[in-house]
**Q** 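Quick one: this structure, given as structure tokens, is what I'll be asking you about.
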Amino acid sequence: RQTNRVGAFLRRNGVAEGDRVVIIFPNGPEFFSAFYGIQRAGGVSVPIFPGSGDARVLSIFASCAAKAIIVPSDTSDETFTKYREALQAFGGALYRYDECLTVDPDAPFPTPEPDDIAFLQYTSGSTGASKGVTLSHRNLVANLRQMVSATQMTRDDVLVSWLPVYHDL
């Protein structure tokens, strides 16, 4: 339900198919409804590690030409203002997560095509500037199928991961 609310909110606020939407969340359920809500709206999710320094965050905003950014509801006013000022350079919008839950989804969502970009994963930048790597819906499904096959998972299995949600796995 929250995924659909985020998606409907973004659609009503001008996010169109293929638009990049940055999310800066720690591990938690809000990450997932924001991540999938962006995709539900037809946008491209761009997750960023919440502990990234301002310089990296701002360079990714500019690099992907973010249409919007969603941050946790408890983001400090200082950080919120800093991000808003950075977004003004290219007309992006900034939202706190709780603001994205204020809309009841009442319109149909676009249907993604297999080769549409699902999300944009930025490299760590450990050997240079972070670079955006595009992953299509087809890429993700193929990766999941390989993981299921390699581990011989069944519907009865449960997967637990220790990786942070913004990690490139």
**Q** Just so I know, are the side chains of Tyr97 and Val6 near enough to count as touching, which here means a heavy-atom distance under 4.5 Å?
**A**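 A side-chain contact under 4.5 Å exists here.
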**Q** Output yes when a side-chain donor or acceptor of Ser52 lies under 3.5 Å from a complementary backbone atom of Val57, and no otherwise.
**A** no
**Q** Do side-chain atoms of Asn139 reach the backbone of Ser136 as a donor and acceptor pair under 3.5 angstrom?
**A**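 Looks like yes, one N/O pair under 3.5 Å.
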**Q** So which atom in Leu120 and which in Gly132 form the shortest heavy-atom distance, rounded to 0.1 Å?
**A**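 Of all heavy-atom pairs spanning Leu120 and Gly132, the closest is CD1-C, 3.8 Å.
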**Q** I need the Glu30 CD to Cys100 SG distance, nearest 0.5 Å.
**A**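 With rounding to 0.5 Å, CD (Glu30) is 11.5 Å from SG (Cys100).
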**Q** For His137 and Pro112, work out which heavy atoms get closest and say how close.
**A** NE2-CB, 3.6 Å
**Q** So do Ile48 and Arg56 actually touch side chain to side chain, heavy atoms under 4.5 Å?
**A** yes
**Q** For Phe80, I'd like to know if atom CZ has over 12 heavy atoms of other residues, nucleotides or ligands within 6.0 Å.
**A**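 Counting neighbours around CZ of Phe80, more than 12 heavy atoms of other residues, nucleotides or ligands fall under 6.0 Å, so yes.
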**Q** Using the test side chain to side chain donor-acceptor pair (under 3.5 Å), find all partners of Asn13 that sit at least two apart in sequence or belong to another chain.
**A**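 Testing Asn13 for side chain to side chain donor-acceptor pair (under 3.5 Å), a comparison that skips the adjacent residues, returns none.
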**Q** Nearest 0.5 Å, what's the CZ-CE distance between Arg145 and Met153?
**A** 15.0 Å
**Q** Hey, quick one: are Tyr95 and Val103 part of the same hydrophobic cluster, counting side-chain heavy atoms closer than 4.5 Å, chains of contacts allowed?
**A** yes
**Q** Search all heavy atoms of Pro110 against all heavy atoms of Arg40 and return the closest pair with its distance.
**A** CD-O, 3.6 Å
**Q** Can you measure from NZ (Lys82) to OG1 (Thr75) and round to the nearest 0.5 angstrom?
**A** 11.5 Å
**Q** Check for me, please, whether Phe109 and Val21 land in the same ILVMFWY cluster - side-chain distances under 4.5 Å, paths through other members count.
**A** no
**Q** Check the hydrophobic clustering (I, L, V, M, F, W, Y; side-chain heavy atoms under 4.5 Å; chains of links allowed) and say if Leu159 and Val148 are grouped together.
**A**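 Yes; tracing contacts between hydrophobic side chains, which count when under 4.5 Å, links both residues.
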**Q** Would you give the length of the straight line joining atom CG of Leu101 to atom CD of Glu99, rounded to the nearest 0.5 angstrom?
**A**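 Between Leu101 CG and Glu99 CD, I get 10.0 Å after rounding to 0.5 Å.
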**Q** Judged by atom type as modelled, is there a donor-acceptor pair below 3.5 Å linking the side chain of Asp157 to the main-chain atoms of Thr154?
**A** yes
**Q** Got a second to check how far Ile24's CD1 is from Phe31's CZ, nearest 0.5 Å?
**A** 11.5 Å
**Q** Would you say Phe9 and Val15 make side-chain contact, with heavy atoms under 4.5 Å?
**A** no
**Q** Quick check for you: to the nearest 0.5 Å, what is the distance between Gln2 atom CD and Ser33 atom OG?
**A** 4.5 Å
**Q** For a 4.5 angstrom cut-off between non-hydrogen side-chain atoms, does Thr81 reach Arg84?
**A** no
**Q** Which atom names give the shortest non-hydrogen contact between Gly18 and Val44, and what distance separates them?
**A** O-CG2, 3.8 Å
**Q** Could you check, using the six-membered ring where one of them is a Trp, whether Phe61 and Tyr83 have ring centers closer than 6.0 angstrom?
**A**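 Phe61 vs Tyr83: aromatic centres under 6.0 Å.
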**Q** So, do Pro72 and Arg96 sit near enough that their side-chain heavy atoms are less than 4.5 Å apart?
**A**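 Pro72 vs Arg96: side chains apart.
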**Q** Might you point out which heavy atoms bring Thr123 and Val133 nearest each other, and give the distance in Å?
**A**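 Answer, listing the atom of Thr123 first, then Val133: CG2-CG2, 4.0 Å.
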**Q** Determine whether Ile117 and Gln39 make a side-chain contact, defined as any pair of heavy atoms from C-beta on separated by less than 4.5 Å.
**A** no
**Q** Give the C-alpha distance, both sets of side-chain angles, the deciding distance and a yes or no for side chain to side chain contact (heavy atoms under 4.5 Å, CB included) between Thr3 and Phe32.
**A** CA-CA 8 Å; Thr3 294; Phe32 294 100; over 6 Å; no
**Q** For the side chain of Arg11 and the backbone of Ala41, is there at least one donor-acceptor N/O pair under 3.5 Å apart?
**A** yes
**Q** Any non-hydrogen side-chain atom of Gln121 less than 4.5 Å from a side-chain atom of Pro47?
**A**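 Result yes, sub-4.5 Å side-chain heavy-atom pair found.
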**Q** Output yes when a side-chain donor or acceptor of Thr151 lies under 3.5 Å from a complementary backbone atom of Met147, and no otherwise.
**A** yes
**Q** Write down the atom of Ile38, the atom of Ser45, and the distance for their closest heavy-atom approach.
**A** CB-OG, 3.4 Å
